[in-house]
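Contents: one structure, followed by commentary.
Just the heavy atoms: all of them, side chains too, but no hydrogens, waters or symmetry mates, feed the values below. Letters A, B, ... mirror the listed sequences (proteins, then strands); counts begin at 1.
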Amino acid sequence: MFNIGIRMKEVLEKGQPGSEITVMGWVRTFRNNQFIALNDGSTNTNLQVVAELGKFDDSLLKRITTGAALKVSGKLVESPGKGQHVELKANTIEILGDSDPEKYPLQPKKHSLEFLREIAHLRFRTNTFASVFRVRNTVAFAIHKFFNEKGFVYLHAPIITASDAEGAGETFHVTNFDLENVPRTPDGKVDYKEDFFGRHANLTVSGQLEAELGATALGNVYTFGPTFRAENSNTTRHLAEFWMIEPEMAFYDLEDNMNLAEEFIKYIISYTLENCKEDMAFLDARLTDEEKTKPQQERSEMGLVEKLQFVLSHTFERVSYTEAIDILKNCNYNKKKKFKYPVNEWGIDLQSEHERYLVEKHFKKPVILYNYPKGIKAFYMRSNEDGKTVAAMDILVPGIGEIVGGSQREERLDNLEQRMKEMNVPVDEMYWYLDLRRFGTVPHSGFGLGFERVVQFVTGMTNIRDVIPFPRYPKSVEF
RNA sequence: UCCUCCUUAGCUCAGUUGGUUAGAGCAUUUGACUGUUAAUCAAAGGGUCGCUGGUUCAAGUCCAGCAGGGGGAGCCA
């Protein structure tokens, strides 16, 4: 059995001077041939290990290089130096793993996020990424905690599916075929009957339809799993593989849905602020630092933690699509033709610049837009009495844009079938989805929350590729 | 996929109207110092200037194509 040491977070928070301890971690810097800044990933604060002069062989000291892994035993003492309360006076230092300083790419200095993205296998060893991934973990935990406390059932939606009829985006194909020699039918088409599943399959683009099946039996469910979109998207807020949370609630109408989504987002934020104080303070300072390099005009008015607290203490603005169009149509921005896409008629899809205007300039807080024109929304959304709109809602937040997309689902069989036909969704193939409406149909609602976008919002990281351990996007599956 | 900007040492960047041997800080190596906080001081090593082609007496610098990256847009979460 390996002699497991004590975690540094614990040592730094409540270590008693005079106690004998053993710690293990990686060297951040080695100063003055005497002071080792050691980090074990439990916190960004390093434990200072003191190797007294003359006590250790030069050959050992030479191997204490940035990135090397050490096991250190000794006595915890009050630190005479500034910058830390306690430090570890080393009795024994064991090199667990050497790190060639000529080749180790991380230095005790600031690295650009772009450079660190190219060495994503090592970036966990930086303060920024260690904080981001500890926060990501806490956000994930908060999500499960929130739903668990509300009696939701965590439902595992399948990752491989046969349905690609949702129009949620381009799918990745799943096949066992030898791609150099694909079986063909007599008329030259790909013969999917010969494939593993006996028909065409793909990676899931959404667990929503499956969640609906669960919700109409279990009551309230949520999914939380990987989602795949084969879109050629090259942006700071899209990934080919990302994680999505999709709650689905029986007997919820659109307003219940909006209430839950707002409560949910606020819960995640407040839980993370409460349980990741140190990391959030670090990320707050990091962002402030980064903002200093921007021109005054582009800097945000609030710091990260301040912004999150502001979100917690204000209700999200609820605005119907129709009201939003009126605001946009009549705003000075539009009249002065500052929008690339001018707003002049009801029914247009809102562009990023319009959403940003509403959230960042007009309301200056999160906004829930609801009741969209049916022409720009999915087939499964419930038609409103006006015949023009559907009971959809999107939650928009400053800096990120859309973070939640949801709706009340169409529970009336006739209406749903009609919409499917209008939008060329294969009715026969989706018999199982329609069965919900045949046997004990009930009003129900749900939404999808992009996990990485929430982590972006909470950490203040501007590029989504920096909040997932190993990002997948076009032309990138390294690591 | 579209628009736009960028690519010079391990990292971050400078490099004049095209002109001789391409620079700095940090990192690395060596030495000095020894209660440091991204230690300090001194010295040294380190470059196919993204790739390919073109213009020119002469290209890191100008032009074209390609590749990679950033930002914005679309698609969306």
OP1, OP2 of B:rG72 versus side-chain N and O of A:Arg356: anything below 4.0 Å? no

Using a cut-off of 4.0 Å on non-hydrogen atoms, how would the nucleic acid contact of A:Gln48 be classed: base, sugar-phosphate, or nothing? base

Considering every strand and a 4.0 Å limit on heavy-atom distances, what is the contact class for A:Phe115: base, sugar-phosphate, or nothing? sugar-phosphate

Atom CD of A:Glu255 with >12 non-hydrogen neighbours under 6.0 angstrom: no

Reckon A:Asn32 has a side-chain N or O less than 4.0 Å from the OP1 or OP2 of B:rA39? no

Reading 5' to 3' and counting Watson-Crick or G-U wobble pairs with both distances under 3.5 Å, write the dot-bracket notation for RNA chain B, | for bases paired outside the strand. (((((((..((((.....[...)))).(((((.......))))).....(((((..]....))))))))))))....

Ignoring the backbone of A:Lys82, work out which of B:rG74, B:rU37, B:rG35 is nearest its side chain. B:rU37

Do any side-chain nitrogens or oxygens of A:Ser79 fall under 4.0 Å of OP1 or OP2 in B:rG35? no

Contacts of A:Glu246 meeting salt bridge (Lys or Arg N to Asp or Glu O under 4.0 Å) (sequence neighbours excluded), chain-then-number -> none

Under 4.0 Å, counting only non-hydrogen atoms across every strand here, what does A:Glu241 touch: a base, just sugar-phosphate, or nothing? nothing

Under 4.0 Å: is that the gap between some side-chain N or O of A:Lys103 and OP1 or OP2 of B:rG46? no

In terms of side-chain heavy atoms, does A:Glu212 have a donor or acceptor partner in A:Gln208 at a distance below 3.5 Å? yes

Please determine if a side-chain N or O atom of A:Asn33 lies less than 4.0 Å away from the OP1 or OP2 oxygen of B:rA32. no

Hey, does A:Pro105 reach any base, or is it just sugar-phosphate, or nothing, if we go heavy atoms under 4.0 Å? nothing

Looking at A:Ser112, does any N or O in its side chain come under 4.0 Å of the phosphate oxygens OP1/OP2 on B:rC11? no

Can you tell me if A:Arg237 touches the phosphate of B:rA73, counting only side-chain N or O atoms and a distance under 4.0 Å to OP1 or OP2? yes

At under 4.0 Å between heavy atoms, what does A:Arg28 touch on the DNA or RNA strands: base, sugar-phosphate, or nothing? nothing

Side-chain N or O of A:Gln107 less than 4.0 angstrom from OP1 or OP2 on B:rA38? no

A:Arg31 side-chain N/O to B:rA39 phosphate OP1/OP2 under 4.0 Å: yes

Any side-chain donor near an acceptor of the partner, A:Glu210 and A:Thr161, under 3.5 Å: no

